[in-house]
Enquirer: 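Have a look at the structure that comes next, please.
All values below come from the heavy atoms of this structure, side chains included, with hydrogens, waters and symmetry mates left out. Every chain is numbered from 1, with letters handed out A, B, ... down the list of sequences.
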Protein chains: 2
Amino acid sequence: MRKVADSTVRRLSLYLRYLEEFEHRGHATVSSDALATRGGTTSAQVRKDLSFFGSFGKRGLGYPVGDLARRLREILGLTRRYQLAVVGAGKIGGALVQYRGFRLRGFDIVAIFDSDPAKIGRTFDGLEVRDVAELESVLAEQPVDMGVIVVPGEQAQVIADRLVAAGVKAILNFAPAQLAVPDEVSLKNVNLALELEALSFTLANR
Amino acid sequence: MRKVADSTVRRLSLYLRYLEEFEHRGHATVSSDALATRGGTTSAQVRKDLSFFGSFGKRGLGYPVGDLARRLREILGLTRRYQLAVVGAGKIGGALVQYRGFRLRGFDIVAIFDSDPAKIGRTFDGLEVRDVAELESVLAEQPVDMGVIVVPGEQAQVIADRLVAAGVKAILNFAPAQLAVPDEVSLKNVNLALELEALSFTLANR
DNA sequence: GTTTGTGAAACGATTCACAGCT
DNA sequence: AGCTGTGAATCGTTTCACAAAC
């Protein structure tokens with residue numbers, strides 16, 4: 001498959017949400033312009049994004065809401081569920097486990113690890129915190145598709161290496177660290193301090 | 001000031017962190033190449049990014065670590081502290097309040113709100129959850145620079161409007177919603193489901 | 001008449017490459 | 001000799017504009 005820009009993929013996810021809204025409101029078709037207005041972009045952008053994957057619309061009519069939503073789910077790989085392991089049972093790690101939005105969209109957190117004896121054995125939403133020392137053995141028995149790293153920055157690379165060795169093919173990293181992973185593993189970073197600093201920049205440069 | 005690309009600002013934040021590392025290790029100067037290697041980018045990129053704001057280096061020598069870090073803090077607006085209000089005292093909201101990383105980098109959460117009577121009056125890290133009905137009166141007495149929205153998607157726009165009316169100039173939005181804010185208010189979105197779906201896309205299209 | 005799909009044009013960001021300073 | 005600062009070249013993304021389909 002041709003290389004798809006990250007920004008394109010993000011917009012596809014958004015389009016899918018908007019389509020679900022339109023579907024819910026009983027619309028049978030939707031125009032690129034309607035989708036664009038909903039998402040704050042342009043109709044040309046919507047059509048370019050979609051045309052990358054095929055030709056889904058009817059000229060003069062627009063796109064069939066249900067069909068397009070289905071196709072986007074296929075394209076985004078959302079026709080199956082994903083198993084996730086969270087490493088780090090601190091405030092954020094615990095919050096992620098208990099957050100229902102992930103499950104709702106097909107992502108099941110099936111394991112959570114920590115190295116702190118005070119946290120091991122606690123449960124979040126019925127999920128017991130396991131000793132991170134057992135990461136390999138737990139994942140051998142219960143394989144996961146993605147790993148979520150929520151440990152301090154210094155420990156993040158070691159955890160990433162262990163997740164990769166355990167067969168994880170995608171990592172969502174919340175630690176403020178620049179992780180190195182093999183090419184075949186995909187990596188996304190969420191760095192909250194970075195977002196706040198970007199806001200700070202705009203406040204300082206108005 | 002000329003328009004600065006968002007990607008540039010993100011890299012400046014990263015450069016600042018790397019400079020702090022180099023400073024900590026006692027380096028007096030650092031080359032664009034050293035910074036680039038540390039951050040996984042190119043030396044030309046580093047020089048372009050910096051040259052946007054001035055000429056900080058010495059040819060043949062590199063950049064003075066301490067001076068450049070200071071300048072980057074000025075550019076990013078990090079020479080002052082910022083007061084933040086969090087709206088939504090659920091799992092994520094609570095986790096943010098208790099997360100020490102923000103305070104460490106100059107962002108103080110001084111108020112947290114929720115509409116759930118079961119949560120109002122609870123404290124996180126000594127900070128009492130206030131009724132969101134009191135948002136305007138609390139912020140009138142204790143003004144904040146930034147608002148953090150951690151409420152369900154349907155409520156996010158109303159909260160954004162109220163924060164803006166209360167004088168907030170920057171918003172960090174965790175709700176899965178496309179918020180409309182006036183031009184003079186800066187907005188950053190963090191959408192975790194979107195990140196997971198981007199990972200899902202790469203898994204589905206390898 | 002409406003709206004898609006798509007080449008072409010415009011724009012923006014990154015990389016190249018080198019003159020100029022230390 | 002080493003490394004910055006930057007104009008020029010390249011690359012990638014977005015917008016334009018219109019022929020084709022309904």
Side-chain angles (χ1 to χ4, degrees), chain A residues 1-15 18-19 22 27-72 75 178 194 198 201-202, chain B residues 1-15 18-19 22 27-72 75 178 198 201-202 205:
Chain A
M1 162 164 301
R2 281 168 299 171
K3 205 191 142 290
V4 183
D6 203 70
S7 49
T8 304
V9 177
R10 299 181 75 81
R11 284 192 302 268
L12 293 179
S13 283
L14 291 172
Y15 300 157
Y18 305 148
L19 285 167
F22 283 114
H27 295 221
T29 62
V30 68
S31 68
S32 57
D33 194 54
L35 273 176
T37 303
R38 176 65 187 80
T41 178
T42 67
S43 61
Q45 179 82 79
V46 172
R47 295 197 300 277
K48 256 275 146 61
D49 287 341
L50 296 177
S51 75
F52 211 90
F53 298 95
S55 178
F56 309 120
K58 278 214 171 33
R59 293 164 196 236
L61 246 181
Y63 300 88
V65 173
D67 289 357
L68 182 55
R70 233 181 318 284
R71 280 295 287 128
L72 285 183
I75 290 164
Q178 191 81 16
L194 223 62
F201 173 81
T202 62
Chain B
M1 163 166 300
R2 280 168 299 171
K3 204 190 143 291
V4 183
D6 204 70
S7 48
T8 305
V9 177
R10 298 181 74 81
R11 284 193 301 268
L12 293 180
S13 283
L14 291 173
Y15 299 158
Y18 305 149
L19 285 168
F22 283 112
H27 295 221
T29 63
V30 68
S31 68
S32 57
D33 193 55
L35 273 176
T37 304
R38 176 65 187 82
T41 179
T42 66
S43 61
Q45 180 80 79
V46 172
R47 293 197 300 276
K48 255 275 147 60
D49 287 340
L50 296 177
S51 75
F52 212 89
F53 298 94
S55 178
F56 309 120
K58 278 214 170 36
R59 293 164 197 236
L61 246 181
Y63 300 88
V65 173
D67 288 358
L68 182 56
R70 234 182 318 283
R71 280 296 288 130
L72 284 182
I75 291 165
Q178 192 79 16
F201 173 83
T202 62
N205 297 274

Enquirer: Please report the distance, rounded to the nearest Å, between CZ in Phe56(B) and C1' in dC3(D).
Expert: 17 Å
Enquirer: In Å and rounded to the nearest 0.5 Å, what is the CG to CG distance from Leu50(A) to Leu72(A)?
Expert: 6.0 Å
Enquirer: Ser31(A) side chain: which of dC3(D), dT4(C), dT14(C) is closest?
Expert: dT4(C)
Enquirer: Does dA13(C) have its OP1 or OP2 closer than 4.0 Å to a side-chain nitrogen or oxygen of Gln45(B)?
Expert: no
Enquirer: Heavy atoms from C-beta onward define the side chain here; which of dG5(C), dA13(C), dT4(C) lies closest to that of Ser32(A)?
Expert: dT4(C)
Enquirer: Quick one: closest heavy-atom pair of Ser43(B) and Ser32(B), and the distance?
Expert: CB-OG, 3.5 Å
Enquirer: Within the 4.5 Å heavy-atom criterion, are Leu14(B) and Leu194(A) side-chain neighbours or not?
Expert: yes
Enquirer: For Ser55(A) and Gly60(A), take the nucleotide of DNA chain C holding the closest heavy atom to each; which residue's nucleotide lies nearer the 5' end?
Expert: Gly60(A)
Enquirer: Check whether any side-chain heavy atom of Tyr15(A) sits under 4.5 Å from a side-chain heavy atom of Arg38(A), and report yes or no.
Expert: no
Enquirer: Out of dC16(C), dG5(C), dT22(C), which has the shortest distance to the side chain of Lys58(B)?
Expert: dT22(C)
Enquirer: Rounded to the Å, how far apart are Leu61(A) CG and dC22(D) P?
Expert: 10 Å
Enquirer: dT22(C), OP1 or OP2 - any side-chain N/O from Tyr63(B) closer than 4.0 Å?
Expert: no
Enquirer: Between atom CG in Asp33(B) and atom C1' in dT4(D), what is the gap in whole Å?
Expert: 12 Å
Enquirer: Could you check how far CZ of Arg10(A) sits from P of dT14(D), rounded to whole Å?
Expert: 12 Å
Enquirer: Just wondering, do Thr29(B) and Tyr63(B) contact through their side chains at under 4.5 Å, heavy atoms?
Expert: no
Enquirer: Rounded off to whole Å, could you give me the CG-to-P distance for the Leu35(A) and dT2(C) pair?
Expert: 19 Å
Enquirer: Write out all pairs satisfying salt bridge (Lys or Arg N to Asp or Glu O under 4.0 Å) with one or both partners inside residues 56-69 of chain A, taking only residues at least two apart or from two chains.
Expert: Asp67(A)-Arg70(A)
Enquirer: For DNA chain D, whose closest nucleotide is more 5', that of Val30(B) or that of Thr8(A)?
Expert: Val30(B)
Enquirer: If you only use heavy atoms from C-beta on, which nucleotide in dT14(C), dC3(D), dT4(C) is closest to the side chain of Arg59(A)?
Expert: dT4(C)
Enquirer: Would you say Leu12(B) and Phe53(B) make side-chain contact, with heavy atoms under 4.5 Å?
Expert: yes
Enquirer: Quick one: on DNA chain C, does Gly62(A) or Asp6(B) contact a more 5' nucleotide (nearest heavy atom)?
Expert: Gly62(A)
Enquirer: Measuring from the side chain of Ala44(A) (C-beta onward, heavy atoms only), which nucleotide among dT14(C), dT4(D), dA17(D) has the closest atom?
Expert: dA17(D)
Enquirer: In Å and rounded to the nearest 0.5 Å, what is the CZ to CG distance from Arg11(B) to Asp6(B)?
Expert: 10.0 Å
Enquirer: What's the spacing between Ile75(A) CD1 and Ser13(A) OG if we round to 0.5 Å?
Expert: 11.0 Å
Enquirer: Among residues 46-53 of chain A, which contact DNA chain D at a heavy-atom distance under 4.0 Å?
Expert: Arg47(A), Lys48(A)
Enquirer: Under 4.0 Å between a side-chain N/O of Ser7(B) and OP1 or OP2 of dT14(C), yes or no?
Expert: yes
Enquirer: Please round to 10 degrees the angle between the axis of the first five pairs and the axis of the last five pairs in the helix from dG1(C)-dC22(D) to dT22(C)-dA1(D).
Expert: 0°
Enquirer: Find the distance between CG (Leu19(A)) and CG (Leu35(A)) and round it off to the nearest 0.5 Å.
Expert: 5.0 Å
